[in-house]
Number of protein chains: 2
Amino acid sequence: MARGAYHHGDLRQAMIDAAEAVLAEKGVAGFTLRECARRAGVSPAAPAHHFGNITGLLTAVATLGFDGLADAMDHAAEAATEAGGNRLRAIGEAYVATALERPGRFRVVFGQRGLNADDAEFKRAAARAFGILVRETQSELPQAEVEQDLFSRLPPSFAGDPDLPEILFTWSVTHGFTTLLLDGQLDFLAGPGGRVALQKLHSEKLVALLLTALRTREPVR
Amino acid sequence: MARGAYHHGDLRQAMIDAAEAVLAEKGVAGFTLRECARRAGVSPAAPAHHFGNITGLLTAVATLGFDGLADAMDHAAEAATEAGGNRLRAIGEAYVATALERPGRFRVVFGQRGLNADDAEFKRAAARAFGILVRETQSELPQAEVEQDLFSRLPPSFAGDPDLPEILFTWSVTHGFTTLLLDGQLDFLAGPGGRVALQKLHSEKLVALLLTALRTREPVR
DNA sequence: GCTGTTATCTTGACGTCGTCAAGATATATT
DNA sequence: AATATATCTTGACGACGTCAAGATAACAGC
């Protein structure tokens with residue numbers, strides 16, 4: 001018998017599914033715990049045993065969001081290697097695509113509704129996603145003699161790392177574009193189906209600019 | 001007698017001040033209309049006449065947010081020219097600094113609480129801020145023969161513009177870093193006073209990478 | 001300066017929200 | 001079979017956004 005299969009069957013999973021659906025439909029602003037419970041067919045107080053409160057539910061969704069990003073990036077990088085493509089471009093595209101595919105998750109991960117940042121699973125997923133970004137950014141840097149064990153000493157104290165600027169640069173470009181696109185800030189630039197067109201612009205042009213910056217590595221004043 | 005000075009004096013401004021204070025203290029998640037009304041010393045229904053509903057109030061704050069960004073960028077660019085500095089670096093620094101100074105405004109502008117995107121003032125402020133970014137990014141591009149009237153045909157239909165990738169690249173880097181910093185995603189990288197240190201990293205390193213990419217303008221595969 | 005009009009704010013109420021305490025019910029354990 | 005534990009319901013509480021109706025203050029026309 002499956003764990004958690006009592007009255008409902010698997011309320012924990014049902015609540016997460018409902019939460020993702022509500023988030024995708026109504027966004028973070030329109031998200032309510034009661035509606036998720038309603039969709040799962042239980043009373044409003046039922047989820048408390050599984051998640052504590054609404055923050056716990058959102059943290060669970062955010063954990064899935066980080067793991068989804070990490071899975072997509074890992075898979076994309078591997079596929080790029082097999083196809084002879086660039087790995088960093090692949091993970092950038094995967095980042096944007098994953099956010100567009102499951103906007104509910106992404107909005108929770110980087111949204112303003114409170115999360116439980118102390119949650120162990122959440123921290124693990126976040127560190128994993130960031131680790132992939134670190135690894136792929138470093139492998140794109142011109143200096144070949146980069147210490148390979150840098151990833152392994154994550155997460156404690158990344159500050160002072162010589163590659164930190166480039167890592168944050170990569171994340172900023174990718175995350176910034178994704179956020180602007182997903183939040184509709186770029187909608188005025190494009191007509192119908194505009195987000196897909198902008199997504200194409202990202203993978204064809206913005207990633208090229210990113211790679212240029214990383215490979216040049218010359219101080220500019 | 002000042003416009004809007006009836007019973008309260010100037011409820012519209014008082015509500016906006018209260019909203020910014022609440023946003024700065026409790027973030028977007030903890031924001032309520034009733035608390036703002038309480039701080040302004042009026043009943044919960046009073047603001048309706050000035051803003052319609054809570055979305056109207058947030059839209060007013062967001063308008064201030066865009067105008068604040070535009071003011072800061074404009075001022076920084078002018079100061080940079082006088083001091084012999086780089087204008088695009090200056091507006092990037094101003095973007096980050098403004099967000100850190102008034103996180104409440106920034107969180108509303110780019111947050112998940114609903115805004116009224118049709119509001120005329122809001123659209124004007126948004127177009128103004130974006131226009132500055134467009135202008136300064138273009139002036140950094142190597143091709144000197146850029147059509148100078150490009151800014152003036154904002155906002156309708158920016159799509160298809162040859163410089164759009166670079167413009168979005170600049171915005172993505174700047175906005176992405178600001179968002180990650182303000183939302184605490186980078187807190188694990190730095191100790192106490194870490195945000196200021198990361199802010200310094202941005203202006204010293206990330207902007208340099210951005211300028212490198214813009215000035216090179218070579219397709220990278 | 002008085003009166004009517006308009007703008008502003010209060011009052012009271014409605015439905016919904018998150019959460020809690022207490023009780024009911026089904027599974028697990030012994 | 002009896003007990004313990006996990007799960008869910010019920011009922012309630014205060015707080016929320018918003019609305020309709022009424023009160024109050026400022027303005028406008030004469």
Side-chain angles (χ1 to χ4, degrees), chain A residues 1-23 25-62 104 108 111-116 119, chain B residues 1-23 25-62 104 108 111-116 119:
Chain A
M1 167 164 298
R3 176 80 182 83
Y6 289 86
H7 301 62
H8 175 279
D10 192 352
L11 181 55
R12 180 183 165 84
Q13 190 57 50
M15 282 296 297
I16 290 177
D17 292 344
E20 295 209 66
V22 173
L23 286 164
E25 286 176 29
K26 314 197 174 182
V28 173
F31 177 84
T32 67
L33 182 66
R34 283 180 113 103
E35 166 139 15
C36 296
R38 236 175 276 132
R39 297 199 184 195
V42 296
S43 79
H49 269 270
H50 296 275
F51 303 99
N53 53 23
I54 193 173
T55 299
L57 173 57
L58 289 173
T59 301
V61 173
V108 168
Q112 302 300 328
R113 297 288 289 247
L115 300 181
N116 181 14
D119 183 90
Chain B
M1 165 163 300
R3 175 82 184 82
Y6 289 86
H7 302 60
H8 174 277
D10 192 352
L11 181 56
R12 182 184 163 83
Q13 189 58 49
M15 283 296 296
I16 290 176
D17 292 344
E20 296 209 67
V22 173
L23 285 164
E25 286 176 29
K26 314 195 174 184
V28 174
F31 177 83
T32 68
L33 182 66
R34 285 180 111 104
E35 166 139 16
C36 296
R38 236 176 277 130
R39 296 197 184 196
V42 296
S43 80
H49 270 269
H50 296 275
F51 303 100
N53 54 23
I54 192 173
T55 299
L57 173 58
L58 289 174
T59 301
V61 173
V108 168
Q112 303 299 329
R113 296 289 286 245
L115 300 182
N116 180 13
D119 183 89

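To find a chain, count down the sequence lines: A is the first, B the second, and so on, and within it residues start at 1.
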Residue [X], side-chain heavy atoms: nucleotide from [options] that is nearest:
X       : options                : answer
A:Ile54 : C:dT10, C:dA21, C:dG18 : C:dG18
A:Leu11 : D:dC8, C:dC9, D:dT18   : D:dC8
B:Pro44 : D:dC19, D:dT18, C:dG18 : D:dT18
B:Thr32 : D:dC16, D:dT18, D:dC8  : D:dC16
B:Arg34 : C:dA21, C:dG18, C:dA13 : C:dA13
B:His49 : D:dA12, C:dT8, C:dT10  : C:dT8

Closest heavy-atom contact between B:Val28 and B:Val108?
CG2-N, 4.3 Å

In terms of heavy-atom contacts, B:Gly114 and B:Leu58 come closest through O-CD1, 4.2 Å

What is the distance, to the nearest angstrom, from the [atom1] atom on [X] to the [atom2] atom on [N]?
X       : N      : atom1 : atom2 : answer
B:Glu35 : D:dG17 : CD    : P     : 10 Å
B:Leu33 : C:dT10 : CG    : P     : 13 Å
A:Phe51 : D:dA6  : CZ    : P     : 17 Å
A:Leu58 : C:dT19 : CG    : C1'   : 15 Å
B:Phe31 : D:dC16 : CZ    : P     : 12 Å
B:Asp10 : D:dA25 : CG    : P     : 19 Å
A:Leu57 : C:dC17 : CG    : C1'   : 15 Å

If the cut-off is 4.0 Å, is [X] near the phosphate of [N], judged by side-chain N/O to OP1 or OP2?
X       : N      : answer
B:His50 : C:dA7  : no
B:Arg38 : D:dC16 : yes
A:Ser43 : D:dC8  : no

Can you list the steps and then say if A:Thr32 with A:Lys26 is a side-chain contact (heavy atoms from CB on, under 4.5 Å)?
CA-CA 10 Å; A:Thr32 67; A:Lys26 314 197 174 182; over 6 Å; no

Interatomic distance, B:Asn116 atom CG to B:Leu57 atom CG [nearest 0.5 angstrom]
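Reported value, rounded in 0.5 Å steps: 12.5 Å.
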
With a 3.5 Å distance limit and no angle check, can you tell me whether B:Asn53 reaches the backbone of B:Gly56 through a side-chain donor-acceptor pair?
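Yes; judged by distance alone, with no hydrogens or angles, the pair exists.
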
